[in-house]
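The structure displayed is predicted, hence computed values, not measured ones.
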Amino acid sequence: MDAIPQDKIQSAAQGLRAVAHELRLNILCHLLKGPMCVGELMEVTGAGQSNLSQHLSKMRLIGILASEKRGQQVFYYIDNPRWKQVIEALQLIYCPEQCR
């Protein structure tokens, strides 16, 4: 088997660090169901607006999330289908009862 290029390993490590935070992982699990606005994410995660916004911004910057403005609200969604697969795989491992 060929070695994985160093730049790919660095990119994977950066992405995994981004989702290896409790709040960010919680956000991503909720966004698997579909786009949500900040208010909805605050309600389901219990996070404050400032804290939540910082985490959403970080995930947008590295390309995991994207956002779309609808009227006065901004909706966030998982922009990369491969990240959906990563989160779904984590759910299968850690929350198999929710994946039935």
Does atom CZ (Arg82) have a neighbourhood of more than 12 heavy atoms from anything else shown, all under 6.0 Å?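 No, because the 6.0 Å sphere around CZ of Arg82 holds 12 heavy atoms or fewer from other groups.
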
For Gln49, does the CD atom have more than 12 heavy-atom neighbours from other residues, nucleotides or ligands under 6.0 Å away?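 No, not enclosed.
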
Within this structure, what is the [atom1]-[atom2] distance for the pair [X] and [Y], rounded to the nearest 0.5 Å?
X	Y	atom1	atom2	result
Ser50	Met42	OG	CE	10.0 Å
Leu65	Ile78	CG	CD1	6.5 Å
Arg17	Lys58	CZ	NZ	8.0 Å
Leu56	Leu41	CG	CG	6.0 Å
Glu40	Lys33	CD	NZ	11.0 Å
Lys69	Cys37	NZ	SG	12.5 Å

Indicate if Val38 and Val44 have the same hydrophobic cluster label, given that clusters are the connected sets of ILVMFWY residues with side-chain heavy-atom separations under 4.5 angstrom.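 Yes, one cluster joins them.
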
Hydrophobic clusters here meaning ILVMFWY residues chained together by side-chain heavy-atom distances under 4.5 Å, can you tell me if Leu61 and Trp83 are in one?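 Unlinked, Leu61 and Trp83 end up in two clusters.
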
Contacts under 3.5 angstrom, residues 20-30 side chains, donor-acceptor by atom type, not counting sequence neighbours:
unit_1, atom_1, unit_2, atom_2, d
His21, ND1, Leu23, N, 3.1
Arg24, NE, Ala18, O, 2.4
Arg24, NH1, His55, ND1, 2.8
Asn26, OD1, His30, NE2, 3.1

Exercise: identify the closest heavy-atom pair between [X] and [Y]:
X	Y	result
Leu31	Tyr76	CD2-O, 3.3 Å
Gln14	Ile62	NE2-CG2, 3.5 Å
Gly63	Asn80	O-CB, 4.0 Å
Gly15	Ile64	O-CD1, 4.4 Å

What pairs with Ile4 under side chain to side chain contact (heavy atoms under 4.5 Å, CB included), at least two apart in sequence or on another chain?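 Partners of Ile4 by the side chain to side chain contact (heavy atoms under 4.5 Å, CB included) criterion, ordered by chain and then number, come out as Lys8, Ile9.
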
Residues in side chain to side chain contact (heavy atoms under 4.5 Å, CB included) contact with Tyr94, at least two apart in sequence or another chain: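 In terms of side chain to side chain contact (heavy atoms under 4.5 Å, CB included), with neighbours along the sequence ignored, Tyr94 is linked to Leu90.
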
Would you mind reporting whether Glu68 and Pro35 have side-chain heavy atoms less than 4.5 Å apart?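 The answer is no, as the side chains (C-beta and beyond) never meet within the 4.5 Å cut-off.
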
